[in-house]
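Working notes, beginning with the structure itself.
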Amino acid sequence: MDNATLARLLDETAALLEIDSADPFRIRSYRRAAEAVEQQTQPLAGMIDDPKQLQTIGGIGKGMAANIVDLVRTGSMPLRDELLTKYRPSMLELLRLPSMGPKTVALLWSALQVSNIDELEAAAKAGHLNTLPRFGQKQVDKILKGIEDHRKNTGRFRIDVAEDWADRIAALIREFPGVETITYAGSLRRGRESVGDLDLLVTGPACEPAVVSAAVEHVAALPIISQLLAKGQNKVSFTLRNNLQVDVRLLPRASYGAALQYFTGSKMHNVTLRQRAIRMGYTLSEYALARIEPEEGQNPIVAGATEDEIYGALGMQCIPPELRENCGEIEAAIKHELPSLITLADIRGDVHMHTVATDGTCTIREMAEAALARGRGYIAITDHSKNLAMTNGLDDARAQEHIRAIRQVDAEMEGRIRVFAGIEVDILQAGDLDLSDETFAQMDVVVASVHSHFQLPVEEQTERILRALENPYLQILGHPTGRKVLKRDAHHYDLHTVLKRCVELGIAVEHNAAPARADLSDSNLRLAKELGCKISVNTDAHAVADMDRLRFGITQLRRAWLTKADVLNTLEADAFLASLRPRP
DNA sequence: GCCGTTTTCGGCCCGACTGTTTTCAGTCG
């Protein structure tokens, strides 16, 4: 059983406990444990013979360790089994509907034996819901609308898509006079690969309490709104036509930092931070950090205008948003030991991209110029080899011709940017690398990617990859820490084994900067770092514009606590080539 | 169920909005 499954089962148990009206603190323990499990880089299933080892993880004590042992051994645990005799697993899906919380789900079950979405819809349409306490027609309509939306769109939004929408909304809000600053908070600011909703924080003279209502009205009337969900004194919530939910908050300058801190989250990060505040005699809210018991004539407000101020008053470094996941960043910030995270400006080269020779849409020269314009010092053109036939992959003859064309452009650029010749070969498709040694020998950079085009057992896929790694020309393993394999095809090969072999052979692993649809790669990146892998972040650009997504890749590296020193292509061109695996 | 600068019990984060209330429970972030 992998960590993601363990985490899901613990989280489900928490939800069932909620429906069961259990002790809220016990529920929180299960939630905390689920998050802790998800963030582990080592598979917990391998630790069950030594529960003491499990207990070294924060949030996992004696009881939770026993639960994990049970889950791994039997696939379930006593508490979960007991809850499932009282409730149905499908009720967890109900919790995802808007305005449906544990109390309502429990009520629906006890009063109407409603346990899933279809039954809920039927009950609503039959008018049964109106017989329940606190259920008016408005509530029923809301639920029916919620069901409809849920069926239309259940997923999260990719970070680049979400950011696009945020930009458009921000531009509309900015038309209102007196709006000065708009910041994206929430998971978008933390750089999650996917976000569930948008949190926009707005400030400026128009947001001061005396005048804010006009600005609120402006936001609530934006033409982009599909459905207005809520409108308060300084908050507007709405959905877009694509069902993306947007929360806009308009705040005075004085509390902007506190609000930004608060709405950036994550939730668990905030909880831990507030616990610290209380121990120090403060209380932290979205309005300010304040003294709990101010002395006579003392201003209770300690900080609020900036995040720096707030973290500073709590005796710690200001924590970069990407790290705020309650996985050790608070302890590190207290000791002033936060790493100096990698930034976009640290990246010197991009060594995975395609041209019109295979499935790209731009020429070598266009890619070189575009990379130069973005401040890169070198690139590698790595078109596909012939086994990826649908991309018009290169055979030996075309590959060699392509190398000559690349050398030509390199010369034309006159040293303003270096253009290296490379190739991307597909390990699983080939089972081996499919060009001649002679061709490989002429390449500057050889990237091998794991495209899982067909379904093989985990063992066999892993075996094939390990075999391919033995090819002495292979220098960078593409896609091992990105989504392509690890989320959609989560179990298609044994990452741990493959990464370890890469370290032994000196093969770097690639973090693909293309924004993914899922949200798993930071723990795999941490694993790669822990194992001592060399890491290269590349855009896999198929067009000039794709190069801009490097910043999304950097965000993921930051989430994994990586520094400049952890990433190979922060080096200058010569040093980069020298640090690749030496070839025969 | 976890945890410890008040340590092995007694705590555990905070506020806004909605709907259906005639004083608040539930949901949400």
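Just so it is clear: chains get the letters A, B, ... in the order the sequence lines come, proteins before strands, and each one is counted from 1.
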Same-atom distance ([atom1]) from [N] to [M], integer angstrom:
N: B:dT20; M: B:dG1; atom1: P; answer: 37 Å
N: B:dG26; M: B:dT22; atom1: P; answer: 15 Å
N: B:dG10; M: B:dG15; atom1: P; answer: 26 Å
N: B:dT6; M: B:dG11; atom1: P; answer: 14 Å
N: B:dG19; M: B:dT8; atom1: P; answer: 48 Å

Student check: side-chain heavy atoms of [X] and [Y] closer than 4.5 Å:
X: A:Leu527; Y: A:Leu499; result: yes
X: A:His269; Y: A:Leu323; result: no
X: A:Leu107; Y: A:Phe135; result: yes
X: A:Gln42; Y: A:His496; result: yes

Under 4.0 Å, heavy atoms only, any strand: does [X] hit a base, just the sugar-phosphate, or nothing?
X: A:Ser237; result: nothing
X: A:Leu97; result: sugar-phosphate
X: A:Pro98; result: sugar-phosphate
X: A:Gly58; result: sugar-phosphate
X: A:Lys267; result: base
X: A:Arg134; result: sugar-phosphate
X: A:Pro133; result: nothing

From C-beta outward on [X], which listed nucleotide comes closest to its side chain: [options]?
X: A:Asp199; options: B:dG29, B:dC14, B:dG1; value: B:dG29
X: A:Tyr287; options: B:dC14, B:dT18, B:dA16; value: B:dA16
X: A:Gln233; options: B:dG29, B:dC14, B:dC17; value: B:dC17
X: A:Gln139; options: B:dG19, B:dC14, B:dG1; value: B:dG19
X: A:Ile278; options: B:dC14, B:dC17, B:dC12; value: B:dC14
X: A:Phe263; options: B:dG26, B:dG1, B:dG29; value: B:dG29
X: A:Tyr30; options: B:dG26, B:dG1, B:dT18; value: B:dG1
X: A:Ala230; options: B:dC14, B:dT18, B:dG26; value: B:dT18
X: A:Met64; options: B:dC2, B:dT27, B:dG29; value: B:dC2
X: A:Phe25; options: B:dC13, B:dT18, B:dG29; value: B:dC13

- Message: Quick check on DNA chain B: between A:Val140 and A:Gly63, whose nearest nucleotide comes earlier from the 5' end?
- Response: A:Gly63

- Query: When the nearest nucleotide of DNA chain B is assigned to A:Ala65 and to A:Lys138 on a heavy-atom basis, which residue is associated with the more 5' position?
  - Reply: A:Ala65

Are any of [X]'s side-chain N or O atoms less than 4.0 Å away from OP1 or OP2 of [N]?
X: A:Ser99; N: B:dT18; value: no
X: A:Thr283; N: B:dC14; value: yes
X: A:Gln275; N: B:dC12; value: no

- State whether the distance check finds a donor on one side and an acceptor on the other, under 3.5 Å, for side chain A:Lys103 versus base B:dG26. no

- Message: Taking atom types as they are modelled, would you say the side chain of A:Tyr262 forms a donor-acceptor pair with the base of B:dG15 within the 3.5 Å cutoff?
- Response: no

Provide, to the nearest angstrom, the distance between the [atom1] atom belonging to [X] and the [atom2] atom belonging to [N].
X: A:Arg274; N: B:dG29; atom1: CZ; atom2: P; result: 16 Å
X: A:Leu284; N: B:dC14; atom1: CG; atom2: C1'; result: 9 Å
X: A:Leu10; N: B:dG1; atom1: CG; atom2: P; result: 12 Å
X: A:Arg28; N: B:dG29; atom1: CZ; atom2: P; result: 17 Å
X: A:Glu286; N: B:dG29; atom1: CD; atom2: C1'; result: 9 Å
X: A:Leu273; N: B:dC14; atom1: CG; atom2: C1'; result: 13 Å
X: A:Asp23; N: B:dC12; atom1: CG; atom2: P; result: 12 Å
X: A:Arg31; N: B:dC3; atom1: CZ; atom2: P; result: 18 Å

- Query: How close do A:Met1 and A:Gly75 get, heavy atom to heavy atom, and via which atoms?
  - Reply: CE-CA, 3.8 Å

- Both distances under 3.5 Å, Watson-Crick or G-U wobble: report the partner of B:dT8, or none. none

- Message: Could you check whether A:Thr41 and A:Glu530, counting side-chain N and O atoms only, form a donor-acceptor pair closer than 3.5 Å?
- Response: yes

- Query: Does atom CD of A:Glu180 have more than 12 heavy-atom neighbours, drawn from other residues, nucleotides or ligands, at distances under 6.0 Å?
  - Reply: yes

- A:Phe263 six-ring face occupied by A:Arg249 cation (under 6.0 Å, within 45°): yes

